[in-house]
Amino acid sequence: MPRGGLRLRNTNGKMNGVGSRVRDRRHLFGLEQDELCARIANATDGGWNPAWQDMSRIENGVRTVTDLEVIALAEALECSPCWLLVGDNG
């Protein structure tokens, strides 16, 4: 793909499929976005220290999420990466 080319989006125009599940899981735990960020920083030993704005962009589907970020999100949200990606524990 040429640099700056179009990015793949889902049928709703979102750049990720995990955002809504991240939000749902965060709400299940009663966490604010900044509290989830702290859990992520802890889970990654400071390797990823996102700001609440990053979580907002992920949850709204306007930011892509790397494979390593999916793993960190899953650890912080106490779920499987598979569930975050496709909604089941396949």
Reported [atom1]-to-[atom2] distance for the pair [X] and [Y], which is rounded to 0.5 angstrom:
X: R26; Y: L73; atom1: CZ; atom2: CG; value: 11.5 Å
X: L8; Y: K14; atom1: CG; atom2: NZ; value: 15.0 Å
X: E75; Y: R39; atom1: CD; atom2: CZ; value: 10.0 Å
X: E35; Y: F29; atom1: CD; atom2: CZ; value: 12.5 Å
X: L28; Y: L77; atom1: CG; atom2: CG; value: 9.5 Å
X: R9; Y: N16; atom1: CZ; atom2: CG; value: 10.5 Å

Backbone N/O of [Y] and side chain of [X]: donor-acceptor pair under 3.5 Å:
X: N10; Y: N12; result: yes
X: R63; Y: R57; result: no
X: R21; Y: L85; result: yes
X: R25; Y: A74; result: no

Quick one: closest heavy-atom pair of [X] and [Y], and the distance?
X: E69; Y: T64; answer: OE1-O, 4.0 Å
X: S56; Y: Q33; answer: CA-NE2, 3.4 Å
X: A72; Y: W48; answer: CB-CE3, 3.9 Å
X: A76; Y: A43; answer: N-CB, 4.5 Å

CA sep, side-chain torsions, deciding dist, call: D88, C82, side chain to side chain contact (heavy atoms under 4.5 Å, CB included):
CA-CA 6 Å; D88 65 33; C82 185; 3.8 Å; yes
Hey, quick one: are V18 and V86 part of the same hydrophobic cluster, counting side-chain heavy atoms closer than 4.5 Å, chains of contacts allowed?
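As far as the 4.5 Å side-chain criterion goes, V86 and V18 are connected within one cluster.
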When you group the ILVMFWY residues by side-chain heavy-atom contacts below 4.5 Å and let the links chain together, are M55 and I71 in the same group?
no
Using side-chain contact (heavy atoms from CB on, under 4.5 Å) as the criterion, point out the one residue from L84, V70, V65 that pairs with V22.
L84
